[in-house]
2 protein chains.
Amino acid sequence: MTLNQVTAQKVRVNLAERSYDILIGDGLLSGAGQEIAARLPGARVAIVTDSNVAAAHAKQLVQSLDLAGIASTTISIAPGERSKRFEVLQQVVDGVLSARLERGDAVIALGGGVVGDLAGFVSGIVRRGMKFVQMPTSLLAQVDSSVGGKTGINTAHGKNLIGVFQQPALVLADTQVLDTLPDREFRAGYAEVAKYGLIDRPDFFTWLERNWQAVFAGGVERVHAIAQSCQAKADMVERDEYETGDRALLNLGHTFGHALEAATGYDSARLVHGEGVAIGMALAHRFSSRLNLCSMDDTTRVEAHLRAVGLPVTLAEVPGGLPGAERLLDYIMQDKKVSRGALTFILTRGVGQSFVAKDVPSSEVLSFLQSVT
Amino acid sequence: MTLNQVTAQKVRVNLAERSYDILIGDGLLSGAGQEIAARLPGARVAIVTDSNVAAAHAKQLVQSLDLAGIASTTISIAPGERSKRFEVLQQVVDGVLSARLERGDAVIALGGGVVGDLAGFVSGIVRRGMKFVQMPTSLLAQVDSSVGGKTGINTAHGKNLIGVFQQPALVLADTQVLDTLPDREFRAGYAEVAKYGLIDRPDFFTWLERNWQAVFAGGVERVHAIAQSCQAKADMVERDEYETGDRALLNLGHTFGHALEAATGYDSARLVHGEGVAIGMALAHRFSSRLNLCSMDDTTRVEAHLRAVGLPVTLAEVPGGLPGAERLLDYIMQDKKVSRGALTFILTRGVGQSFVAKDVPSSEVLSFLQSVT
Ligand SMILES: NC(=O)c1ccc[n+]([C@@H]2O[C@H](COP(=O)([O-])OP(=O)(O)OC[C@H]3O[C@@H](n4cnc5c(N)ncnc54)[C@H](O)[C@@H]3O)[C@@H](O)[C@H]2O)c1
Ligand SMILES: NC(=O)c1ccc[n+]([C@@H]2O[C@H](COP(=O)([O-])OP(=O)(O)OC[C@H]3O[C@@H](n4cnc5c(N)ncnc54)[C@H](O)[C@@H]3O)[C@@H](O)[C@H]2O)c1
Ligand SMILES: [Zn+2]
Ligand SMILES: [Zn+2]
């Protein structure tokens, strides 16, 4: 074990023949080649990345692959959510085919959730499924999108409406690369970390309240928080790989969050996903309090912590203004989590006590939204 | 059981939780609504079809769905292989999303292999996987492409290079719709029927030699031949769902066949898939004879039967001329069945005794091609 791997942690995702490891630690990228050589002997790879990440970290990965004798091609896309679309999918598919990769070869996603979702989808459809490796570089990707196998792109009809379930063969999260991640993106990713506490890990939420500054500063606490988050997500995915039940809990804060993202035209200058989730989680607690499910103290506590780290918690904090309650409800109804017309919400009985509520009357949601807009 | 169902046969494909039935018989389309209502209760459907098939058979299907209380939208594409491309995929995806179908709803493929491959791919990626029903209308689709879950589209790099494994929930093959299929298409599909005999069912091949006229005439023999073919394919798929081994036997005749399709620019006026397969199977036997694996008597017997039904068996029969042996070998090397540079071929020791031969030297293939061009 080399010096920079002493803090490395491993989380196993148990999904029968689709099981895999998540490795988390400072400096892991330099050992990426060896890990792949050991797990996918003989495989060649295509690295899919975006231009921001490529500039900061691609060289190190390519060197590590070279050292392990693994031939690689790099396919770089434009950064940002707009790249999760059909035309870019087609371009990346073309890049992988041009490199003449076969079914036993691998697509590596080196980047945030955008790169991961797109590259994962590509790996799932080229030759009806190649090998796939996630090397998440944003906090959101390290704690959420790289784990669990959901991949996909957006369409005019909505976000993530096309894709496949494609579990990676390995997730390698080098926490050191987070040092180049813009602060705002780190904070946004942190919303998902807090989410795991709020879903069903009250002790983790308490730990975060006490240690978030060290997590932000990049100490061993950062590795710990990420590993705990991966473990939480892995548990959920193991219980419900194809999201037919419990996995929906991971959408805590996301029904409101997605509506806000849609209402701001997915303009990241105004709102990034994690910020929408932060407001959404605060609203989910507030809504639960209004329905007498959750104490107002818990709602206040949740808002206080999110606010402490610098995340927004109210609609008023979204720059540029939002449409009224009716229009926001329309966005919610359009969201894909609406099953056969009934509104499914993740509500909560308190910190770490979330549950899936089916058939929430839209009239209740509307009057709640009217009370907070 | 109604009168037109007396000849119906059922083949079960056993794939654990992805198991399904193939129903084969004259007039089954009129009972399609009931079958779907029973197997996918509550599902709405999108029918994907092509304009040829729509004109002849869509009305009957829609009526049957209506009778069973199943709401449907019809999405019609242009007939022909050219529709298996990214732009059309995107259009059909858009049609399914516009109909606001959800994960529990179904995409029905009503058409030949082109419609089946495209619609199956769509059903596999919209909302990360919807339900899928195959209603094959060409002989090729009824005996081959509708069974086994391979779906996909073509790219500039080659055929079927993008797609997913997506098993249908039901295959409903109404043999009566074959009455409107052009003769040439029926004959082409028959090449795949004969293929099952040649792979590992010598008795079936003998039965075909004796009964092919009744099969072409549309008697009960037609239902029998299709059911036997489905059973043969189902056995192979059960043994190797994801094509990592034995399933490759289904490619008998296809390595040469694909090269011929590529060499004729996929121009169906010159060569349709089944014709390429017929020539390919004849060549596979002839090549095996040259390698002293298979007796010349068997090769002659295979050619005689294919010729009797009106299928081509030599390169000289391809209208418009073909490139020379070197160029044909290039096309073979480009075919996706080339694994890590080694040439994998399906060779045979005689009728019904095919096997997967790995590492066939390309020099052998070249000198064989030189001997037959
Ligand atoms: N598949 C899933 O289960 C899942 C779960 C949650 C979110 N998502 C998806 O994830 C996406 C959001 O992911 P994201 O927040 O990572 O967005 P992102 O991929 O756009 O990354 C955010 C920004 O940070 C930059 N960046 C990333 N890593 C960097 C680094 N180490 N140094 C410098 N810059 C870096 C990127 O270039 C980008 O500009 C959304 O599309 C969302 O739908 C998917
Ligand atoms: N998925 C698989 O496992 C698999 C296996 C073999 C072939 N395929 C694919 O199947 C495709 C070829 O299938 P195909 O030969 O059915 O081609 P096709 O779908 O193009 O059909 C051939 C022609 O017949 C017409 N047609 C179909 N049914 C008809 C009917 N009942 N009446 C009148 N016209 C009818 C069609 O409109 C078309 O013009 C290829 O793309 C091939 O790659 C897939
Ligand atoms: Zn999220
Ligand atoms: Zn074929």
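Computed from heavy atoms alone, side chains included, the values below leave out hydrogens, waters and symmetry copies.
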With a cut-off of 6.0 Å (strictly less than), are more than 12 heavy atoms of other residues, nucleotides or ligands near [atom1] of [X]?
X	atom1	answer
A:Arg82	CZ	no
B:Arg100	CZ	no
B:Arg18	CZ	yes

Check: [Y] and [X] side chains under 4.5 Å, non-hydrogen atoms:
X	Y	value
B:Thr155	A:Asp94	no
A:Val126	B:Leu161	no
A:Tyr242	B:Arg103	yes

Passing option when B:Ile162 is tested against A:Leu89, A:Val122, A:Val96, A:Ile125 for side-chain contact (heavy atoms from CB on, under 4.5 Å):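 With B:Ile162 as partner, A:Leu89, A:Val122, A:Val96, A:Ile125 yield a single side-chain contact (heavy atoms from CB on, under 4.5 Å), made by A:Ile125.
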Main chain of A:Thr151, side chain of B:Arg128: is a donor-acceptor contact present, judged purely on distance under 3.5 Å?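 Such a contact is found between B:Arg128 side chain and A:Thr151 backbone.
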Using non-hydrogen atoms only, which part of A:Val164 is less than 4.5 Å away from chain B: side chain, backbone, both, or neither?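 A:Val164 touches chain B through backbone and side-chain heavy atoms alike.
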Does any backbone or side-chain atom of A:Phe121 lie under 4.5 Å from a heavy atom of chain B? Answer side chain, backbone, both or neither.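 Only the side chain of A:Phe121 comes within 4.5 Å of chain B.
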From CA spacing to verdict: side chain to side chain contact (heavy atoms under 4.5 Å, CB included), B:Gln90, A:Arg85: CA-CA 11 Å; B:Gln90 200 174 347; A:Arg85 65 176 202 273; over 6 Å; no
